[in-house]
Amino acid sequence: MGYRSALLAFSAAVLASTASVAADLPARTYTKAPVYAPAPIFNWTGIYVGAHIGAAFGGDNGYATTLPGLTGSNREAAFLGGGQLGADYQFAPNWLVGIEGQISGLSGSDRTFSNGIDSFRDRSDWLASITGRLGYTWGPGLIYAKGGVAFRDDNGLAATAGFLPAVASRESTGYTVGGGLEYMFAPAWSAKVEYQYYNFDTTNVAFTTAGPVAQALSYKDDLHTVKVGVNYRFNWGGPVVAKY
């Protein structure tokens, strides 16, 4: 009996001590589980407007002429800058089709021919294009190809007195192809880097020299351009949030 009484007394003391310690502990606080934010699904569908800068370089530097001693230079490298307006539609769900209008002013894009005394100059002050494009997108990234019709100013040729062009055939409409990468760095903003090739076929010039003697000159007229730019997208509500 004495042993049992001592065990019961010890158990009661332990329980009393535990209850006392528990009474002194602060009340348990509860925190809410973190809210899960679904990753955004980037939406490329919509209208956009933007600006670009870059450089233009002459393409084919070949030419043919009947005038001995006539030498020609390729088009000079030129700074360009301008803007674009377009619309895209995303489908299937990672493919994109779109249309874009673009215009770029040129700081100077001259091609000259000279016999050491007289000279021709062919200059373009601006380029423009209307293109369709097809792209593949993965989230904020887009890779695309584009192609369509190209335009340029119709300034034609300027010549010194000894080279008076009788007939000049210079195309102001041609074709363009290219491609680029674009990245959506904010819900309504994207940045791009793009290559675009412009081809205006062949320019033909007929002129006379002292004598008078009929002469001819012909050369391919094309340009390579590299551009970086930024677009603001009116994409009909911004990024779509995934639903679960």
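- Under the 4.5 Å side-chain heavy-atom criterion for Ile, Leu, Val, Met, Phe, Trp and Tyr, Ile99 and Leu85 are members of distinct hydrophobic clusters.
- With Arg233 as the partner, the side-chain contact (heavy atoms from CB on, under 4.5 Å) test is satisfied by one option alone out of Val49, Asn43, Thr45, Asp88: Asp88.
- When every heavy atom of Asp153 is checked against every heavy atom of Asp125, the shortest pair comes out as OD1-N, 2.9 Å.
- Between Phe113 and Tyr63, the ring centre distance stays below 6.0 Å.
- Between Leu80 and Thr225 the shortest side-chain heavy-atom distance falls below 4.5 Å.
- Residues Asp221 and Arg75 are paired through a salt bridge, judged by an N-O separation under 4.0 Å between the basic side chain and the carboxylate.
- A cation-pi arrangement is not found for Arg152 relative to Tyr198, the charged atom failing to lie both closer than 6.0 Å to the ring centre and inside a 45° cone about the ring normal.
- Taken together through direct or relayed side-chain contacts under 4.5 Å among Ile, Leu, Val, Met, Phe, Trp and Tyr, Leu157 and Phe207 form part of one hydrophobic cluster.
- Leu67 is not listed as a side-chain neighbour of Leu217, based on a closest heavy-atom distance of 4.5 Å or more.
- Screening Glu100, Lys192, Gln84 for a side-chain hydrogen bond (donor to acceptor under 3.5 Å, both in side chains) involving Asn231 leaves a single residue, Gln84.
- Aromatic ring centres of Phe57 and His224: separated by at least 6.0 Å.
- With respect to the salt-bridge test (charged N to carboxylate O, under 4.0 angstrom), the residues Asp110 and Arg123 qualify.
- Summarising the local packing, CD1 of Ile103 is surrounded by more than 12 heavy atoms from other residues, nucleotides or ligands at distances under 6.0 Å.
- Asp122 has its side chain within reach of Tyr219: a pair of non-hydrogen atoms, C-beta onward, lies under 4.5 Å apart.
- Partners of Phe91 by side-chain contact (heavy atoms from CB on, under 4.5 Å), not counting sequence neighbours, listed by chain and number: Tyr89, Trp95, Val97.
- Thr173 meets the side-chain contact (heavy atoms from CB on, under 4.5 Å) test with Val149, Phe151; sequence neighbours excluded.
- Checking side-chain atoms of Asp118 against main-chain N and O of Gly162 turns up a donor-acceptor pair under 3.5 Å.
- Counting heavy atoms from C-beta outward, Ser119 and Thr160 have side chains that approach closer than 4.5 Å.
- Atoms CD1 and CG, from Ile143 and Leu96 in turn, are 12.5 Å apart once rounded to the nearest 0.5 Å.
- Closest heavy-atom contact between Gly148 and Thr131: N-CG2, 3.8 Å.
- Both Trp189 and Phe234 are assigned to one and the same hydrophobic cluster, defined by single-linkage of ILVMFWY side chains at heavy-atom distances under 4.5 Å.
- For the residue pair Ser73 / Thr112, a side-chain donor-acceptor distance below 3.5 Å is found, with atom types taken as modelled.
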For Tyr144 and Tyr136: C-alpha separation, side-chain torsions, deciding distance, then whether ring-ring contact (aromatic ring centres under 6.0 Å, His included) applies.
CA-CA 6 Å; Tyr144 62 89; Tyr136 181 83; over 10 Å; no

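- Under the 4.5 Å side-chain heavy-atom criterion for Ile, Leu, Val, Met, Phe, Trp and Tyr, Leu134 and Val193 are members of the same hydrophobic cluster.
- Between the side chains of Gln196 and Ser129, at least one donor N or O lies within less than 3.5 Å of an accepting N or O.
- Look at Arg133 and Glu182 and you find a salt bridge, because one of the NZ, NE, NH1 or NH2 atoms lies within 4.0 Å of a carboxylate O, short of that distance.
- Checked against side-chain hydrogen bond (donor to acceptor under 3.5 Å, both in side chains), Thr137 has the following partners two or more places apart in sequence or in another chain: Trp44.
- Within the 4.5 Å cutoff, side-chain heavy atoms of Leu106 are placed close to those of Leu127.
- Using a 4.5 Å heavy-atom cutoff, the side chains of Tyr183 and Leu142 are not in contact.
- Under the 4.5 Å side-chain criterion, counting only non-hydrogen atoms from C-beta, Glu76 is not in contact with Ser109.
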Let me see the working for His52 and Glu194 under side chain to side chain contact (heavy atoms under 4.5 Å, CB included), right down to the final yes or no.
CA-CA 10 Å; His52 63 265; Glu194 179 179 275; over 6 Å; no

Tell me, with the steps shown, if Arg111 and Asn61 meet side chain to side chain contact (heavy atoms under 4.5 Å, CB included).
CA-CA 9 Å; Arg111 185 168 190 180; Asn61 60 2; 4.2 Å; yes

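- Between Tyr195 and Tyr197, the distance from one ring center to the other does not fall under 6.0 angstrom.
- Residues Phe163 and Ile117 have side chains not in contact (no heavy-atom distance under 4.5 Å, counting atoms from C-beta outward).
- Taking CG from Asn115 and CZ from Phe120, the interatomic distance works out to 9.0 Å, rounded to the nearest 0.5 Å.
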